[in-house]
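Per chain, numbering begins at 1; letters A, B, ... match sequence-line order.
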2 protein chains.
Amino acid sequence: MKATDVALICKALGDSNRLQIIELLSTGEKCACKMLEKFEITQPTLSHHMRILRECALVNERKEGKWTHYSLNCSTLSAYRDFITGLTCDAATQKECGC
Amino acid sequence: MKATDVALICKALGDSNRLQIIELLSTGEKCACKMLEKFEITQPTLSHHMRILRECALVNERKEGKWTHYSLNCSTLSAYRDFITGLTCDAATQKECGC
DNA sequence: TTTTTATATTGACGAATATCTATATGTAAT
DNA sequence: ATTACATATAGATATTCGTCAATATAAAAA
């Protein structure tokens with residue numbers, strides 16, 4: 001995963017509502033109408049956030065009749081996790097802070 | 001680490017320049033003047049980015065004469081890493097995508 | 001003490017963002 | 001066909017953001 005993709009994902013997660021949405025979706029696929037109940041935002045605002053989360057490929061969307069179901073995109077999430085996991089302090093910095 | 005702290009860090013990493021700064025610092029402590037050479041931004045802009053990275057505690061600062069040296073904050077980085085690592089798809093979502 | 005060097009702060013500006021209301025679109029039920 | 005429901009889009013607005021030029025501060029060198 002490229003650094004620009006990572007930055008885009010970080011920007012998406014940099015909003016508290018969107019981070020909470022991701023945490024909610026980590027418990028499983030959710031319908032937009034159910035998600036709306038959990039947040040103090042209007043329906044258009046939720047729709048806006050979901051578009052941002054989709055555009056950076058963090059979430060998938062599944063339409064079923066008039067409902068839209070959202071779920072985490074496993075591969076994007078895991079690539080992102082791998083990138084962040086790779087961000088570590090060098091040996092000297094670690095020695096300095098004693099961690 | 002609280003979700004609001006995570007969101008703040010994500011927001012900080014949501015700018016390409018700042019993400020590259022973190023990647024640079026992961027190779028060890030750097031002086032601001034050396035960092036400036038690596039990016040196509042002015043000195044005040046770098047100073048601005050470093051303030052944001054310090055305010056979310058991702059980086060430490062060490063003053064030595066007229067120089068300022070920046071390094072990653074191990075404990076913040078590791079707490080952040082742990083949070084992101086904990087973000088996983090649920091079993092059903094994983095089954096669906098076949099990962 | 002004057003000058004140079006490294007960094008921070010201020011103030012300005014255009015671009016991007018989060019949010020809302022109002023409205024449109026699409027689907028199912030009556 | 002009409003109505004009700006779920007979601008998306010459009011347009012508006014206030015706020016935040018990234019950047020720069022100009023200036024301030026602070027430390028070392030001359």
### Query
Starting at the 5' end of DNA chain C, which residue's closest nucleotide do you reach first, A:G65 or A:I41?
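Closest to the 5' end, via its nearest nucleotide, is A:I41.
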### Task
Assign each of A:R18 and A:Q43 to its nearest nucleotide of DNA chain C by heavy atoms, then name whichever residue's nucleotide is nearer the 5' end.
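Looking at DNA chain C, the more 5' nearest nucleotide goes with A:R18.
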Of all the choices, [options], which nucleotide is nearest to the side chain of [X] once you look at every atom?
| X | options | value |
| --- | --- | --- |
| A:P44 | D:dC20, C:dT19, C:dA22 | C:dA22 |
| B:Y70 | C:dT7, D:dA22, D:dA8 | C:dT7 |
| A:I52 | C:dA8, D:dA8, C:dA18 | C:dA18 |
| A:K63 | D:dA8, D:dC20, D:dT19 | D:dA8 |

Can you measure [X] atom [atom1] to [N] atom [atom2] for me and round it to whole angstrom units?
| X | N | atom1 | atom2 | answer |
| --- | --- | --- | --- | --- |
| B:L46 | D:dG18 | CG | P | 13 Å |
| A:M50 | D:dA8 | CE | P | 9 Å |
| B:E64 | D:dA27 | CD | P | 13 Å |
| B:H48 | C:dC13 | NE2 | P | 18 Å |
| A:L8 | C:dA16 | CG | C1' | 13 Å |
| B:L36 | C:dA6 | CG | C1' | 10 Å |
| B:H49 | D:dC17 | NE2 | C1' | 10 Å |
| A:W67 | C:dT25 | CH2 | C1' | 16 Å |

pair [X]-[Y]: side-chain heavy atoms closer than 4.5 Å:
| X | Y | result |
| --- | --- | --- |
| B:I52 | B:H48 | yes |
| B:T27 | A:D90 | no |
| B:N73 | B:Y80 | no |

### Query
Within the structure shown, what part of the strands sits under 4.0 Å from B:S47 by heavy-atom distance: base, sugar-phosphate, or nothing?
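It contacts base atoms.
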### Query
Contact class for A:K34 (heavy atom, under 4.0 Å): base, sugar-phosphate, or nothing?
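No contact.
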### Task
Compute whether any side-chain donor of one residue and acceptor of the other, for B:T45 and B:T42, lie under 3.5 angstrom apart.
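There is such a pair between these side chains.
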### Message
Checking side-chain polar atoms at under 3.5 Å, does A:D82 have a donor or acceptor matched by the opposite partner on A:T85?
### Response
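Side-chain D/A pair, A:D82 to A:T85: absent.
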Just to confirm, is there a sub-4.0 Å distance from OP1 or OP2 of [N] to any side-chain nitrogen or oxygen of [X]?
| X | N | value |
| --- | --- | --- |
| B:T42 | D:dT19 | no |
| A:T68 | D:dA6 | no |
| B:R51 | C:dT7 | no |
| A:K66 | C:dA29 | no |

